[in-house]
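Residue numbering restarts at 1 for every chain, and letters A, B, ... go by the order of the sequence lines.
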Amino acid sequence: MTLPAHDASEGRPDRPRPISQPLVRLARGTVSGDAVSTAQRLLGALLVHEDGLGRRVGRIVETEAYAGPDDRASHARAGRTARTSIMFGPPGHAYVYLVYGLHHCLNVVCAEDGEAAAVLIRAVEPLEGVERMRAARGRAGTDPDRLAAGPARTCQAFGIDRTFDGIDLLSDDRLWLAAPAAGWRPAAIVSGPRVGVDYAGPDWSDRPWRFGLADSRALSRPFPVGR
DNA sequence: CGAATGATACCCT
DNA sequence: GGGTATCATTCGG
């Protein structure tokens, strides 16, 4: 039996790697600050979905900050409504909404002076349960790095829909957040304008409130080159 | 580049 | 109450 000299993973480190250590829940303090700092702190944290069929785990590599009602790009701009009431609640809870009538997006509510604020999970790097993610994504490419490279793709890959709206991501058993593996160190963080919020006007859409891990191949799209 | 697709916020009877 | 413009996206041509 011979091994090919080269295979499809040539030139790429083997990814995803299995999780070797037990997962530890993320501390409430991680999401207890304002949206901008929380968005940066959540980079590297792990998103975990567990059910009877197994476990899906991925590393958060891209986020966006949405501040309180003053933020014209935030759903909180309309004040407290039936849809956004979760945003006005305690930090660590999931705010899941349907966008464009087709796609779900997952946010982590954070705390900002009791105002509504949240962090949109824009991209996740799959680490475990990749086959399950592929199945959940239907006809998508086979590259693990693209399976959750987008806010709606993340929800598809992890089976997240509005039934998860309002759950506590720091105590729930089905969908929860875990701390980065011990020894994991964040790469440089890059930032850029938030995606798809031009309607908010330049004062808000130009703010560099989108954050990503600079070396990640699982970003939803490139960050504009710095200048 | 445009379609898909439905909840929602907002304005008007 | 009812009509409707809008949308924190994705995929295929």
Side-chain angles (χ1 to χ4, degrees), chain A residues 31 34-40 42-43 47 58 60-89 91 93-110 112 115-126 133-166 169 190-212 217-224:
Chain A
V31 293
D34 65 275
V36 171
S37 68
T38 302
Q40 296 170 78
L42 279 176
L43 293 175
L47 181 65
I60 296 171
V61 297
E62 184 182 328
T63 58
E64 259 173 18
Y66 288 89
D70 289 345
D71 182 356
R72 301 310 295 164
S74 171
H75 289 176
R77 67 187 179 278
R80 184 174 191 144
T81 67
R83 178 174 69 150
T84 62
S85 65
I86 298 296
M87 286 185 76
F88 291 76
H93 287 230
Y95 167 48
V96 182
Y97 65 91
L98 184 67
V99 70
Y100 297 112
L102 295 165
H103 304 296
H104 295 278
C105 291
L106 168 69
N107 294 255
V108 181
V109 173
C110 58
E112 184 172 41
E115 283 205 329
V119 173
L120 172 68
I121 305 303
R122 276 200 60 88
V124 168
E125 172 192 335
M133 296 184 198
R134 263 199 266 271
R137 285 273 294 134
R139 192 186 166 72
T142 56
D143 183 355
D145 287 332
R146 308 316 301 163
L147 285 175
R153 291 171 173 179
T154 295
C155 285
Q156 267 185 38
F158 281 79
I160 300 167
D161 59 22
R162 295 225 358 192
T163 65
F164 290 84
D165 189 39
L169 293 167
V190 290
S191 64
R194 294 177 288 182
V195 175
V197 297
D198 287 348
Y199 60 82
D203 282 1
W204 292 96
S205 62
D206 288 349
R207 299 188 185 207
W209 284 4
R210 174 188 175 218
F211 302 98
R217 293 174 304 184
L219 299 175
S220 66
R221 62 179 76 180
F223 279 74

Nucleic acid footprint by protein, nucleotides 7-13 of chain C - heavy-atom cut-off 4.0 Å, B for base, S for sugar-phosphate alone: BBBSS--

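Remark: A/Thr38 pairs with A/Arg41 by the side-chain hydrogen bond (donor to acceptor under 3.5 Å, both in side chains) rule, at least two apart or across chains. Partners of A/Arg137 by side chain to side chain contact (heavy atoms under 4.5 Å, CB included), not counting sequence neighbours, listed by chain and number: A/Ala140, A/Leu147, A/Arg153, A/Gln156, A/Ala157. Scored by the side-chain hydrogen bond (donor to acceptor under 3.5 Å, both in side chains) test, A/Asp71 finds A/Arg194 as partners (sequence neighbours excluded). Listed by chain and residue number, nothing satisfies the salt bridge (Lys or Arg N to Asp or Glu O under 4.0 Å) test with A/Arg146 (two or more places apart in sequence, or in another chain). A/His104 is linked by a side-chain hydrogen bond (donor to acceptor under 3.5 Å, both in side chains) to nothing, counting only residues two or more places apart in sequence or in another chain. Listed by chain and number, the residues in a ring-ring contact (aromatic ring centres under 6.0 Å, His included) with A/Tyr95 are A/His75, A/Tyr97 (sequence neighbours excluded). Partners of A/Asp198 under the side-chain hydrogen bond (donor to acceptor under 3.5 Å, both in side chains) rule, at least two apart in sequence or in another chain, do not exist in this structure. A search for salt bridge (Lys or Arg N to Asp or Glu O under 4.0 Å) contacts involving A/Glu62 returns A/Arg122, A/Arg210, not counting sequence neighbours.
By the 4.5 Å heavy-atom criterion applied to side chains, A/Leu106 and A/Leu120 are not counted as neighbours.
Across all strands shown, A/Arg72 has no heavy atoms under 4.0 Å from either base or sugar-phosphate atoms.
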Which dot-bracket string fits DNA chain B when only Watson-Crick or G-U wobble pairs with both atom distances under 3.5 Å count, crossing pairs get [ ], and | stands for a partner on a different strand? ||||.|||||||.

Distance-only donor-acceptor hits, side chain of residues 79-89 of chain A, under 3.5 Å, sequence neighbours excluded:
residue: A/Thr81; atom: OG1; partner: A/Arg83; partner atom: N; Å: 3.4
residue: A/Thr81; atom: OG1; partner: A/Thr84; partner atom: N; Å: 3.3
residue: A/Thr81; atom: OG1; partner: A/Thr84; partner atom: OG1; Å: 3.1
residue: A/Thr84; atom: OG1; partner: A/Gly79; partner atom: O; Å: 3.1
residue: A/Thr84; atom: OG1; partner: A/Thr81; partner atom: N; Å: 3.0
residue: A/Ser85; atom: OG; partner: A/Ala82; partner atom: O; Å: 3.4

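The footprint of chain A on DNA chain B, defined by a heavy-atom cutoff below 4.0 Å, extends from B/dA4 to B/dC10.
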